[in-house]
Amino acid sequence: MLGKSKLIIVFIAIFLITGVAPWVVSPYIVGVITMAFYFSVFVMSWDLLFGYSGEVNFGPTFQIGTGAYVTALLNLNTSLPIGICIIGGTVASIIAGLVLVAPALRLRGPYFGLITLVSVFLLGEMITIFAQYTGGEIGISIPAIITTNQITNFYLAWGFSAISAIAMTIIANSPLGLILQASAQDPQEAESLKFNITKYKILAFSVSALFSGLSGALLVIYLGTVSVSLVVSIAVVLQIIISAIIGGRRTIIGPVLGAFFIILLRQWLQPLEQLSYAVVSILGLIVLMLLPDGLISIFVGKR
Amino acid sequence: MNVLELINVEKRFGGIVATNNVSFNVEENETLGLIGPNGAGKSTIMHLIIGIHRPNEGKIKFLGEEIQNLPIHKRIKKGIAVMFQHSRPLKRQSVLENIKVALLKDKISIKFPKDINKKAEELAKKVALQDFLNRHSEELPFGVIRRMELAKALALNPKLLLLDEPFAGLNHSEVKEFSEIVNSIEKQGFSIILIDHNVKAVYNMVDRMVAIHSGKVISIGTPSEVISNPEVKRVFLGEESSNFLEKKDNISDEEILSVKIKSLKYNKAEALRNIELKVNRGQFVSIVGLNGAGKTSLLKSILSLVKYEGEIYLEGKALHNLKTSEIVNLGMAFVPETRELFKYLSVEENLEIPMHDLDNKTLKERLDEVYSIFPKLKERRKQMAGTLSGGEQQMLVIARALVRKPKIMVMDEPTLGLAPIILEEISKILDYMHKELDLTIILAEQNLHFALKHSDVVHLLEHGNLICGCSRKEFSEKIGEKYLA
């Protein structure tokens with residue numbers, strides 16, 4: 001692929017530059033960047049599923065939310081160690097991913113997209129219905145904390161995001177990534193090249209759910225709280241999709257750029273309150289018109 | 001020994017029988033031609049063999065083993081490979097990477113096998129692709145893509161290779177190149193099924209032929225046996241296709257349309273250059289040429305559907321600055337190649353749409369008029385257009401153009417994909433429009449026989465240039481059959 005080595009340079013640059021943040025910017029901004037790392041993993045996972053295996057997933061928060069809530073509920077209601085709660089949440093998220101595979105095997109394009117969208121509403125409804133356990137719309141606070149040290153928290157997120165990016169980049173450029181792209185392009189032809197595409201779809205959904213669920217679980221532990229508006233609502237879905245598109249789809253590293261762009265922009269525009277959503281959207285549109293291949297194309301050129 | 005055996009295979013889609021009691025076999029090292037006109041059921045048979053569809057009745061045996069209930073990938077692993085007519089290769093990847101996909105094993109893996117690049121390069125060499133290895137498939141011509149698809153099929157190391165219309169859409173030199181490659185791989189110890197609608201194209205390449213029509217096998221045997229079978233002759237060659245229809249005697253020499261196109265470009269590619277075309281009132285003018293010669297571009301220019309450099313006049317009125325809708329209102333009707341019907345509307349609704357501005361009485365009269373020309377459409381007037389057969393759809397498109405009572409009818413390949421028997425019907429309709437309705441007709445055609453049969457004047461369009469522009473007799477003598485048939 002063109003500019004592959006450039007992508008790797010961008011990749012290293014992003015993580016080296018952000019790596020010094022705790023020593024340069026205010027503690028408040030460090031907190032924002034920590035959030036941005038977790039969010040970037042959501043966006044990367046979405047990119048892996050859409051950009052490479054061609055599945056239009058309008059419900060990334062179905063997996064993320066499941067992972068986050070299961071972790072929180074385990075932590076709140078059992079005496080299991082934090083690690084086990086996180087693993088439990090991640091496993092639940094993978095199961096949520098597998099639930100979405102069933103329609104993905106039968107439906108394509110907009111029809112599958114609609115199902116994923118419905119899954120987000122369903123999860124939101126479930127959380128509201130079982131409000132006595134989930135805290136409903138207000139959400140719940142949990143006791144678990146890995147560390148209160150902000151710098152440790154920052155590097156935890158930094159490392160997790162970097163490892164996720166490396167893992168997903170390897171997958172995207174591996175035989176597996178190639179087969180996923182072939183089945184996205186033309187499932188019938190891919191199967192006529194002997195590939196059992198069901199197997200690959202299941203795997204793609206599982207991997208995507210693994211990373212986004214784990215990220216959701218870690219985010220919950222970091223913040224000590226979980227709510228629908230944080231990890232489930234459609235606003236979060238939109239933010240993920242917009243970040244991926246603005247950053248540059250099918251690059252894995254582009255979505256990290258997009259995630260930072262959106263999170264930092266929202267932060268910067270916070271004085272505008274509700275209006276900030278509109279401004280972010282308009283800025284996003286402008287970026288898209290000027291750079292249809294996303295922010296990443298500034299560094300690696302047109303694809 | 002039989003590599004493949006189809007035994008009484010039947011496939012129904014709803015009430016339609018796509019293949020009816022089809023039986024044939026493919027022997028070891030044999031190249032078998034599976035021929036039939038468009039819509040005969042060739043693709044269905046191919047889909048049944050590779051597993052895209054499963055038969056309702058009958059058995060399919062591969063190397064003695066029943067495979068009709070296996071999924072696609074399991075059949076491929078047993079040794080069947082297919083080269084599709086319409087392929088969608090990976091666009092962002094190079095030719096080499098596209099071939100590498102086919103070489104991968106069906107297992108989840110993060111590392112490429114060590115020798116995969118070498119193997120892919122060897123395959124590329126087999127199909128003369130060594131100069132294109134690092135190019136992206138997006139920027140390559142059709143002929144090169146076709147060869148890449150062949151390399152992918154060969155990568156599977158098949159015992160049986162299915163080639164679906166391998167020559168469709170290729171130009172002369174590409175066809176020659178591709179058939180040479182197929183000839184060279186033929187001797188490598190596997191069987192081939194060559195699927196084609198053109199008997200002549202495969203005649204010299206196959207050991208045996210299976211001819212199908214309307215989902216049934218009508219003849220099996222050596223190429224010469226099959227081609228001399230009377231039913232095959234009737235289906236493929238039509239009965240009187242080479243006979244010219246009588247000329248209309250009362251064509252005026254008043255010019256109705258004059259086209260002068262200096263140039264038409266799509267990005268950098270020049271599709272048309274220095275075209276001059278004059279059409280008299282009541283004339284039947286054909287523009288013949290191969291796929292990609294620029295026929296559709298020329299017709300679309302006349303209707304302002306594409307931008308061009310030049311001048312076009314209809315009855316002295318300049319068209320080049322007008323919008324398509326304005327040109328249509330001046331009395332031009334277009335029958336597009338792609339038909340563009342409203343699939344989910346009924347036949348009658350499709351006919352009513354172009355008459356939206358007429359009062360009910362006129363509308364009714366016009367409907368009755370076209371129904372008298374197309375009684376079949378009247379029978380089906382409540383049916384959804386998308387459910388009509390290809391021939392009926394084509395009639396509906398023509399009828400839809402007629403209801404506005406045009407002066408000129410511009411038709412783009414109305415014969416495309418239709419069986420010879422239906423061509424006869426379309427032919428009669430065109431003749432009626434030309435002689436009885438006294439319409440001026442401009443017809444773009446690939447089917448030379450069909451065009452010659454009707455035309456007063458025939459033009460050959462080749463690489464964006466108009467050549468000849470002569471009477472049909474002159475045309476068939478000068479350029480004629482040796483060129484297109």
Side-chain angles (χ1 to χ4, degrees), chain A residues 1-4 7 47-48 51-54 105 108 166-207 210 248-252 254 293-294 296-297 300-303, chain B residues 43 46-47 49-53 70-94 96-113 116 120 134-138 149 151-158 161-162 164:
Chain A
M1 198 168 103
L2 260 167
K4 209 181 254 177
L7 276 177
D47 189 39
L48 186 72
Y52 290 89
S53 64
L105 292 174
R108 289 197 62 76
I166 292 169
M168 282 191 250
T169 305
I170 289 174
I171 291 173
N173 292 300
S174 71
L176 178 57
L178 215 50
I179 296 171
L180 280 177
Q181 289 177 71
S183 17
Q185 185 77 257
D186 188 339
Q188 230 156 52
E189 198 186 319
E191 201 163 349
S192 305
L193 291 172
K194 78 184 149 322
F195 301 115
N196 179 2
I197 57 175
T198 309
K199 185 166 81 182
Y200 296 93
K201 276 200 178 167
I202 291 175
L203 191 76
F205 275 89
S206 311
V207 171
L210 166 76
R249 284 171 301 149
R250 295 190 200 92
T251 54
I252 302 293
D293 285 327
I296 193 85
S297 59
V300 298
K302 269 194 200 165
R303 282 171 292 147
Chain B
S43 301
M46 184 192 87
H47 290 168
I49 296 172
I50 61 173
I52 293 173
H53 300 314
L70 295 180
I72 302 173
H73 63 96
K74 286 201 176 144
R75 301 191 197 193
I76 303 298
K77 281 172 199 148
K78 289 194 183 297
I80 300 177
V82 56
M83 191 193 83
F84 289 105
Q85 181 189 353
H86 302 286
S87 62
R88 279 186 290 174
L90 292 169
K91 277 181 268 173
R92 264 162 277 109
Q93 273 77 359
S94 65
L96 189 72
E97 277 172 303
N98 267 288
I99 299 176
K100 272 159 76 175
V101 177
L103 283 165
L104 291 169
K105 289 210 169 65
D106 181 26
K107 64 169 198 210
I108 290 154
S109 153
I110 293 300
K111 266 177 72 186
F112 284 98
I116 194 166
N134 295 314
R135 301 277 294 276
H136 282 71
S137 57
E138 228 171 0
E149 292 301 314
K152 279 161 68 181
L154 292 176
L156 302 172
N157 224 343
L161 175 62
L162 279 77
D164 184 16

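Because the structure is predicted, anything quoted here is derived from the model rather than measured. Just so it is clear: chains get the letters A, B, ... in the order the sequence lines come, proteins before strands, and each one is counted from 1.
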Colleague: Could you measure the distance from the CD1 atom of B:Ile52 to the CD atom of A:Glu191? Nearest 0.5 Å is fine.
Modeller: 9.0 Å
Colleague: What are the two closest heavy atoms between A:Ala182 and B:Val101, and how far apart are they?
Modeller: CB-CG1, 4.0 Å
Colleague: Considering only heavy atoms and a distance below 4.5 Å, find which of B:Ala155, B:Pro89, B:Pro113 pairs most often with chain A.
Modeller: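 If we count pairs closer than 4.5 Å to chain A, B:Pro89 comes out on top.
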Colleague: Please flag which part of A:Leu203 lies under 4.5 Å from any non-hydrogen atom of chain B: side chain, backbone, both or neither.
Modeller: side chain
Colleague: Between B:Lys100 (side chain) and A:Leu178 (backbone), is there a donor-acceptor pair under 3.5 Å?
Modeller: no
Colleague: Is chain A contacted by the side chain of B:Ile50, its backbone, both, or neither, given a heavy-atom distance below 4.5 Å?
Modeller: side chain
Colleague: Can you measure from CG (A:Asn196) to CD1 (B:Ile76) and round to the nearest 0.5 angstrom?
Modeller: 12.5 Å
Colleague: What distance separates A:Ile179 CD1 from B:Asp106 CG, expressed to the nearest 0.5 Å?
Modeller: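 Those atoms lie 7.0 Å apart.
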Colleague: Shortest non-hydrogen contact from A:Tyr200 to B:Ile108?
Modeller: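 The answer is CE2-CG1, 4.0 Å.
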Colleague: What residues form a ring pair (Phe, Tyr, Trp, His ring centres under 6.0 Å) with B:His47, not counting sequence neighbours?
Modeller: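 B:His47 satisfies ring pair (Phe, Tyr, Trp, His ring centres under 6.0 Å) with B:His53 once adjacent residues are dropped.
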Colleague: Chain A heavy atoms under 4.5 Å from B:Lys152: which part of the residue, side chain, backbone, both or neither?
Modeller: both
Colleague: On a heavy-atom basis, which atom in A:Ser192 and which in B:Leu156 lie closest, and how many Å separate them?
Modeller: O-CD1, 3.6 Å
Colleague: Rounded at 0.5 Å granularity, tell me how far CD1 in A:Ile197 sits from CD1 in B:Ile72.
Modeller: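 If we round to the nearest 0.5 Å, A:Ile197:CD1 and B:Ile72:CD1 are 7.5 Å apart.
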Colleague: Mark yes when over 12 heavy atoms from residues, nucleotides or ligands other than B:Lys77 sit less than 6.0 Å from its NZ; otherwise mark no.
Modeller: yes
Colleague: Does a side-chain heavy-atom distance below 4.5 Å link A:Asn173 with B:Phe112?
Modeller: no
Colleague: Sort B:Ser109 into side chain, backbone, both or neither according to what part of it lies under 4.5 angstrom from a heavy atom of chain A.
Modeller: both
Colleague: Listed by chain and number, what are the salt bridge (Lys or Arg N to Asp or Glu O under 4.0 Å) partners of B:Lys105, not counting sequence neighbours?
Modeller: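 Salt bridge (Lys or Arg N to Asp or Glu O under 4.0 Å) check on B:Lys105 returns nothing, list empty.
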Colleague: Return the CD to NZ distance between A:Gln181 and B:Lys91, rounded to the nearest 0.5 Å.
Modeller: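 It comes to 11.5 Å.
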Colleague: Looking at A:Lys194 and B:Ala102, would you say the former's side chain and the latter's main chain have a donor-acceptor pair under 3.5 Å?
Modeller: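 Present.
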Colleague: To check you understand the geometry: which heavy-atom pair defines the closest contact between B:Lys107 and A:Lys199, and what is its length?
Modeller: CA-NZ, 4.1 Å
